[in-house]
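Read the structure below first, then the notes.
Within every chain, numbering begins at 1; the chains are lettered A, B, ... in the order of the sequence lines, protein sequences first and strands thereafter. Every heavy atom of this structure was used, including side-chain atoms; hydrogens, water molecules and symmetry mates were not.
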Amino acid sequence: MKIATWNINGVRARIENLRTWLDQASPDVVCLQELKSEEAAFPADALEGSGYNLAIHGQKGFNGVAILSKRPLEDVTVGLPGDKDDTQARYVEAAVSTDTGVVRVASIYLPNGNPVDSDKFPYKLAWMDRLIAHARKLLALEEPLVLAGDYNVIPTPMDAKHPEKWENDALFQPESRARLRELEALGLTDAVRTGYPGEDIYTFWDYQGGAWQKNNGIRIDHLLLSAQATDRLVGVGIDKDVRAWEKPSDHVPVWVELAD
DNA sequence: ATGACAGTTCGTAACTGA
């Protein structure tokens with residue numbers, strides 16, 4: 001079972017890239033972020049025709065997340081629990097039915113948090129605290145669980161080509177990194193890093209300054225796996241070539257393969 | 001160096017993102 005995450009930076013602008021990649025990669029489940037689309041405008045027909053079921057948390061203009069799945073989606077949660085006043089569309093979760101039971105998947109678009117001296121940074125940290133609290137509840141279910149998405153956190157200096165340039169950025173603040181570690185300490189594994197120990201691997205390259213050509217990237221798209229999911233982990237990958245396509249997203253698809 | 005991006009919006013400039 002192949003489960004991928006991809007910040008596509010506009011689902012309507014990227015629909016042809018998305019369809020091409022789905023045909024090539026043939027993932028069973030895809031977590032999308034930054035739809036920049038409300039649900040009514042989401043190009044559902046183009047994906048349902050390819051056999052995908054959808055769970056969408058849309059928002060006009062910004063944010064927006066979705067889960068695509070070849071198998072039925074059940075027990076859908078729209079929005080991250082813990083703050084009724086939070087209207088930003090950054091979280092959708094669902095249980096994917098398989099022949100061997102349920103795999104629970106969440107598509108996460110964690111707040112960017114820049115600039116650090118604005119109210120966006122405390123919003124990011126509070127959102128991470130809510131994610132930690134919710135993850136604790138999900139882990140108590142003792143299911144295969146995959147929390148996938150754009151975390152907007154650079155975990156370690158190894159995860160940036162030029163870590164010193166990110167020292168004042170919300171993505172690399174000690175508070176952001178500490179919360180990511182706290183999340184992992186609950187019993188979640190950063191699956192992609194386990195597949196490339198010690199290697200320079202990135203998932204985002206800025207559109208500006210020739211970042212892609214210089215491989216000036218950062219690793220901020222992650223799949224965190226519960227022990228029950230990690231037990232079944234048989235492969236991981238980063239579909240880097242997608243960044244070189246025409247009209248690319250600034251992020252690329254990242255995936256895990258779980259044994260059936 | 002008057003710059004170097006991209007998507008979206010009651011738009012043609014302003015915003016958000018990372």
Side-chain angles (χ1 to χ4, degrees), chain A residues 5-19 21 31-43 46 56-66 86-91 107-125 127-128 131 148-177 179-180 192 200-222 238 240 242-254:
Chain A
T5 180
W6 189 13
N7 178 323
I8 49 170
N9 189 19
V11 67
R12 285 168 290 163
R14 213 73 59 210
I15 188 63
E16 287 312 314
N17 274 15
L18 175 58
R19 288 174 58 124
W21 174 75
C31 298
L32 297 177
Q33 300 88 35
E34 268 204 280
L35 304 179
K36 297 187 175 181
S37 174
E38 55 192 343
E39 184 167 356
F42 186 93
I56 299 169
H57 189 194
Q59 183 175 346
K60 197 183 198 70
F62 309 101
N63 305 324
V65 290
D86 185 3
T87 58
Q88 299 193 31
R90 297 181 173 278
Y91 185 91
S107 181
I108 292 166
Y109 181 41
L110 209 145
N112 171 305
N114 279 307
V116 169
D117 61 1
S118 74
D119 57 6
K120 292 182 178 180
F121 189 55
Y123 172 67
K124 174 181 192 147
L125 299 181
W127 205 95
M128 294 189 82
L131 180 61
D150 176 359
Y151 278 73
N152 271 319
V153 178
I154 302 167
T156 75
M158 187 197 305
D159 298 302
K161 179 78 168 188
H162 299 294
E164 70 282 1
K165 293 184 177 175
W166 297 91
E167 280 175 7
N168 296 316
D169 195 286
L171 277 61
F172 199 51
Q173 288 306 292
E175 295 94 332
S176 311
R177 294 170 57 195
R179 279 167 177 77
L180 182 61
V192 172
D200 292 334
I201 49 169
Y202 310 123
T203 64
F204 168 92
W205 295 262
D206 200 289
Y207 289 122
Q208 303 183 62
W212 167 247
Q213 288 75 11
K214 298 173 188 170
N215 193 29
N216 177 15
I218 52 177
R219 192 175 74 93
I220 56 175
D221 300 273
H222 310 300
I238 301 175
K240 266 187 78 169
V242 175
R243 186 62 179 78
W245 290 4
E246 288 293 318
K247 209 181 168 199
S249 169
D250 38 10
H251 299 248
V252 297
V254 183

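Considering every non-hydrogen atom in both A:Ser249 and A:Asn9, the closest pair reads OG-CB, 3.8 Å. Closest approach of A:Ile108 and A:Val65 over heavy atoms only: C-CG1, 4.5 Å. Across all their heavy atoms, A:Lys60 and A:Glu38 have their closest contact at NZ-OE2, 3.2 Å. The nearest pair of heavy atoms linking A:Lys124 to A:Ser176 is CE-OG, 3.9 Å.
In this structure, CD of A:Gln33 is placed 10 Å from P of B:dA18, rounded to the nearest angstrom. Going from atom OH of A:Tyr151 over to atom P of B:dA18 covers 15 Å, rounded to whole Å. Remark: C1' of B:dA18 and NE2 of A:His162 are 15 Å apart, rounded to the nearest angstrom. Separating the CH2 atom of A:Trp205 from the C1' atom of B:dG17 is a distance of 18 Å, rounded to the nearest angstrom. For the pair A:Glu34 CD and B:dG7 C1', the computed distance is 9 Å after rounding to whole Å. Computed from coordinates, the A:Gln59 CD to B:dT8 P distance equals 14 Å when rounded to whole Å. In this structure, the CZ atom of A:Phe204 is 13 Å from the P atom of B:dC5, given to the nearest Å. The interatomic distance linking A:Glu246 (CD) with B:dA6 (P) rounds to 11 Å, in whole Å.
With the nearest nucleotide of DNA chain B identified for both A:Gln88 and A:Gln208, A:Gln208 has the one nearer the 5' end.
Nearest nucleotide to the side chain of A:Lys36, out of B:dG7, B:dG17, B:dA18: B:dG7. Counting only heavy atoms from C-beta on, A:Ile218 has its side chain closest to B:dA18 among B:dG17, B:dA18, B:dC10. Closest approach to the A:Asp206 side chain among B:dG17, B:dC10, B:dA18 is made by B:dA18 (side chain taken as heavy atoms from C-beta onward). Side chain of A:Lys120, nearest nucleotide from B:dA18, B:dG7, B:dT16: B:dT16.
Using a 4.0 Å cut-off on heavy atoms, the residues of residues 8-16 of chain A that approach DNA chain B are A:Asn9, A:Arg12, A:Ala13, A:Arg14, listed by number.
Taking the ring centre of A:Tyr109 as origin, the terminal cationic atom of A:Arg90 falls inside the region bounded by 6.0 Å and 45° from the ring axis.
Comparing the P positions of B:dC15 and B:dC10 gives an interatomic distance of 14 Å, to the nearest angstrom. The gap from the P atom of B:dA18 to that of B:dG7 amounts to 14 Å, rounded to the nearest Å. With P as the reference atom, B:dT12 and B:dT2 are 27 Å apart, rounded to whole Å. A gap of 22 Å separates the C1' atoms of B:dA6 and B:dA1, to the nearest Å.
Using the six-membered ring where Trp is involved, A:Tyr151 and A:His222 have ring planes that are tilted, between 30° and 60° apart.
Within 4.0 Å (heavy atoms only), A:Asp150 reaches sugar-phosphate atoms of the nucleic acid but no base atom. Across all strands, A:Arg219 comes closer than 4.0 Å to no nucleic acid atom at all (heavy-atom distances).
One finds a side-chain N or O of A:Asn7 lying less than 4.0 angstrom from the OP1 or OP2 phosphate oxygen of B:dA18. Within the structure, a side-chain polar atom (N or O) of A:Asn112 is placed less than 4.0 Å from OP1 or OP2 of B:dA18. A close approach under 4.0 Å does occur between a side-chain nitrogen or oxygen of A:Tyr109 and OP1 or OP2 of B:dA18.
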Q: Quick one: do A:Trp21 and A:Trp6 satisfy ring pair (Phe, Tyr, Trp, His ring centres under 6.0 Å)? Show the steps, please.
A: CA-CA 11 Å; A:Trp21 174 75; A:Trp6 189 13; 5.2 Å; yes
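Between the side chains of A:Asn215 and A:Trp205, at least one donor-acceptor pair of N or O atoms lies under 3.5 Å.
Remark: the A:Asp169 side chain and the B:dA18 base include no donor-acceptor N/O pair separated by less than 3.5 Å.
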